Amino acid sequence: MIEAVLSVSGLALVAGLGLGFAARKFQIEANPIVDKLEQSLPSANCGNCGFPGCRPYADAMASGGAPINLCPPGGKATMEALAAILGVSPVAMEEEEGPKVAFVVEENCIGCTACIKACPVDAIIGANKQSHTVVTDICIGCKACVEPCPVDCIEMRLVPKTLYSWSWAKPGGEHATLH
Amino acid sequence: MGIALSVLRRFHGGVHPPENKAISAGAAIEVMPLAKRLFVPLHQHFGAPCEAVVQTGEKVLKGQILGQPQGFVSSPVHAPTSGTVVSLEEFPVHHPSGLPMLCAILEPDGEDRWLPGLKGLEDPEKAEPAAIRRLIQDAGIVGLGGATFPSFIKMSPPKGKVAELLLINGVECEPYLTCDARLMEERAGGIVEGIRIMLRALQTGECVIGIEDNKPAAVKAMEVAAKADGGRIRVVRLPVMYPQGSEKQLIEVVTGRQVPSGGLPVDVGVIVHNVGTALAIRDAVREGKPLISRVVTVSGRGIQRPANLEVRIGTPVQDLVDHCGGLKPGVVKLVSGGPMMGVAIHTTRAPVVKGTSGILALLAEEVPASREQGCIRCGHCLQACPMSLMPNEMAWLARHELLDKLAEHDLFDCIECGSCSYVCPASIPLVQYFRFGKFAIRNRDQEKKKQEISRARTLAKEARVAREQEEKERKKAEMKAGMAAKKKAQVEQVPDPSAVPSVSATAPAGEAKSASVAAVPGGDDKAERAARAAKSAAAAKAAKAAKAARQAKDAE
């Protein structure tokens, strides 16, 4: 009886020591920020961000590759937490309110053509000292024109929802989220 | 003999929902009194929206054009009565989104005076087909069965295709609806007149009127009217089966031919028109009258007095409901159209349009309770689908947004008849999934197109900027060379003061150019232009300084 207890205890001690040693000796140094980031993510591993799971997404953010607003399940709160950890300024959640395009407040426009030069897709029309305007259908919402405007008359506005841009939504039944 | 079979075929699938036609089948068509205000949407058809051609405050006569069609697949919109256009504004309409549409709001003057000069053809059956088609187009006639496809397009088969058979759709397979049945009972003569005009326009001699045999009175009335014409028009009784009123299914039942995927009925030699459309065509071609009213079934167990009403286009749904004694307590849903394919009404302010076949007030017992559950793989939807699709697979693909696969499963052949949803024991909203899928694919393709356009525009801009830069440098080099040559000449010859350009005028111009590239072109001289450019540069500079000051203030 006593031998059995002793031998099993001995085996357990040896295994424990061995494991403890291995954990210290063979530990792989991980970026502590990745751990922090992963903790702030919902750990749903849903793949909505385009990465295989929350850990790879955290990795990608830590190495500077990925934007911090790709996690729809986490929402704005998660994005802000991530921003705090990474020391970057919070950015808008994607598709939070829908796509936006530039809009020139024409009463304030002085016609300096600075935005026309900045626009990569030539979506702004107007001439020198004439009020400018944005061709909404062409604007890609890149915001390149907002900064150069000397009088801050360019706003990013939501694309208005019309009958013609409207789409059927995906059925939101209980079962739709299963599988 | 024609292409219509003597023994009917049947189509795959189909369902038997409770007909509920008895509620309103006995009510004769009554003409609804003129509403206090009419709200006429400028897009009531399949195709491009109309452009308003009247202005606020303008007086219009009955039948005057309010909206001019834009593009080929489009149809004009006319004033349903005489009166004043009080406003052109966004107003609620029947649309699943609940979003508003541009409407012409008309205040009737009560005189109901026709626009003078509206005239039909004296003898349509000897007229040129093109003349008939033009009248149909100008009258704004669209498919009144609900699809609202402009009728004149169906009346002109494309080159190389022949319309062998004119198939008149009196099936009315949607439950509750009785407007077409009442039209056939009461106005069979007018329908046959319309058919004869269409036969003339299509240059064909065979016509079949398909009617389900739950409408014996309509069958009888049409048979009598058809007999008066001679042997060209045949009335065919069809066994009841939903969705037999869908044109592809009706064609298969009557001719045994299947319209190819993505094709049109004319591909198999058939043209299908609704009975209401036939009557509208008669009025347009005989009398020159545009489409300004239609028959609407007001039914459902939630309405006090079910009726079939002849209503002016633009009449608000509320007026119809009031005319029928109002709603009973316990109405849970108002539907525009039939219960299988109609859309829920968001507001009773929305008006009747060309495609409105019915207004249904449904009690809780008439609306299936639906809580989506898991698919149990029973396969009922496969048996019910009249297009032989695989709704179960397609719903799964739509749920997971596997759009390419979804398109491969012939999603775009789905006619959204709702048979699969009707039979599903798990209450899966299959049709909703397919509508979502169709829109998702459409949006993705549009997005792709937009990206391509953006890319092309970016490249074009870059090329332009590079070209301008190059030009600038070339000019600079030329100028330099010129200066050098001049200098050389000055050294060699006696200096000539008139040959040297004004230095004071060019210097600020060079500076100002960096601030304003697109200088206003004009015939004035360089100095003036330079001065103007300098002024605008100064304005921009001042504005920039102001902005900096503002930002500094914000920072504080």
Side-chain angles (χ1 to χ4, degrees), chain A residues 47-48 95 98-99 101 108-130 132 135-142 144-154 159-179, chain B residues 43 49 93 95-97 99-101 370-375 395-396 398-401 426-430 432-440 442-443 450-451 453-458 460-462 464-465 515-520 532-533 536-537 539-547 550:
Chain A
N48 254 323
E95 286 168 49
V101 290
N108 298 345
C109 178
I110 54 166
C112 70
T113 73
C115 54
I116 294 183
K117 272 174 271 172
C119 181
V121 290
D122 279 336
I124 306 177
I125 51 171
N128 203 9
K129 296 189 80 182
Q130 312 276 321
H132 302 342
V135 182
T136 315
D137 285 349
I138 302 172
C139 177
I140 53 170
C142 69
C145 52
V146 175
E147 194 41 47
C149 178
V151 291
D152 277 345
C153 75
I154 300 183
V159 179
K161 260 207 176 308
T162 66
L163 280 181
Y164 306 103
S165 67
W166 171 87
S167 298
W168 279 97
K170 197 156 143 183
E174 184 191 327
H175 194 68
T177 52
L178 294 180
H179 282 282
Chain B
H43 190 191
V93 290
H95 192 271
S97 67
L99 290 165
M101 182 192 281
S370 61
R371 205 180 115 260
E372 185 180 352
Q373 291 164 323
C375 173
W396 192 88
R399 189 180 296 144
H400 294 271
E401 300 186 30
S427 309
I428 299 173
L430 291 149
Q432 265 191 60
Y433 276 114
F434 306 150
R435 284 174 173 160
F436 159 74
K438 285 181 183 175
F439 274 75
R442 193 197 65 179
N443 290 349
K450 194 176 174 190
Q451 270 172 9
I453 292 171
S454 299
R455 198 169 305 129
R457 291 185 73 91
T458 310
K461 166 139 190 178
E462 277 168 4
R464 196 189 66 227
V465 169
S516 57
V517 159
V520 184
R532 206 169 45 223
S536 92
K541 225 179 234 169
K544 215 160 214 164
K547 182 184 178 179
R550 202 163 54 239

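Residue numbers begin at 1 in each chain, while the letters A, B, ... track the order of the sequences. Computed from a predicted structure; not experimentally measured.
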CD1 of I453(B) to CD1 of I138(A), rounded to nearest 0.5 Å, is 8.0 Å

Rounded distance [0.5 Å steps], OG in S165(A) versus CG in N443(B): 9.0 Å

Without swapping roles, check the side chain of K461(B) against the backbone of K117(A) for a donor-acceptor pair under 3.5 Å. yes

Does K170(A) use its side chain to pair, donor to acceptor, with the backbone of E401(B) at less than 3.5 Å? no

Check: S97(B) and W168(A) side chains under 4.5 Å, non-hydrogen atoms: no

Considering only heavy atoms from C-beta outward, does the side chain of F436(B) approach that of S167(A) to under 4.5 Å? no

Determine whether the aromatic ring centres of residues H43(B) and Y164(A) are separated by less than 6.0 angstrom. yes

Do you know the tightest heavy-atom contact between [X] and [Y]?
X	Y	result
D137(A)	K450(B)	O-CE, 3.3 Å
L163(A)	V93(B)	CD1-CG2, 4.4 Å
I140(A)	S454(B)	CG2-OG, 3.1 Å
W166(A)	R442(B)	O-NH2, 3.7 Å

Chain A: which of Q432(B), R457(B), K438(B) shares the most heavy-atom pairs with it under 4.5 Å? R457(B)

Honestly, the part of R464(B) sitting under 4.5 Å from a heavy atom of chain A is side chain

Side chain, backbone, both or neither: which part of A395(B) has a heavy atom under 4.5 Å from chain A? neither

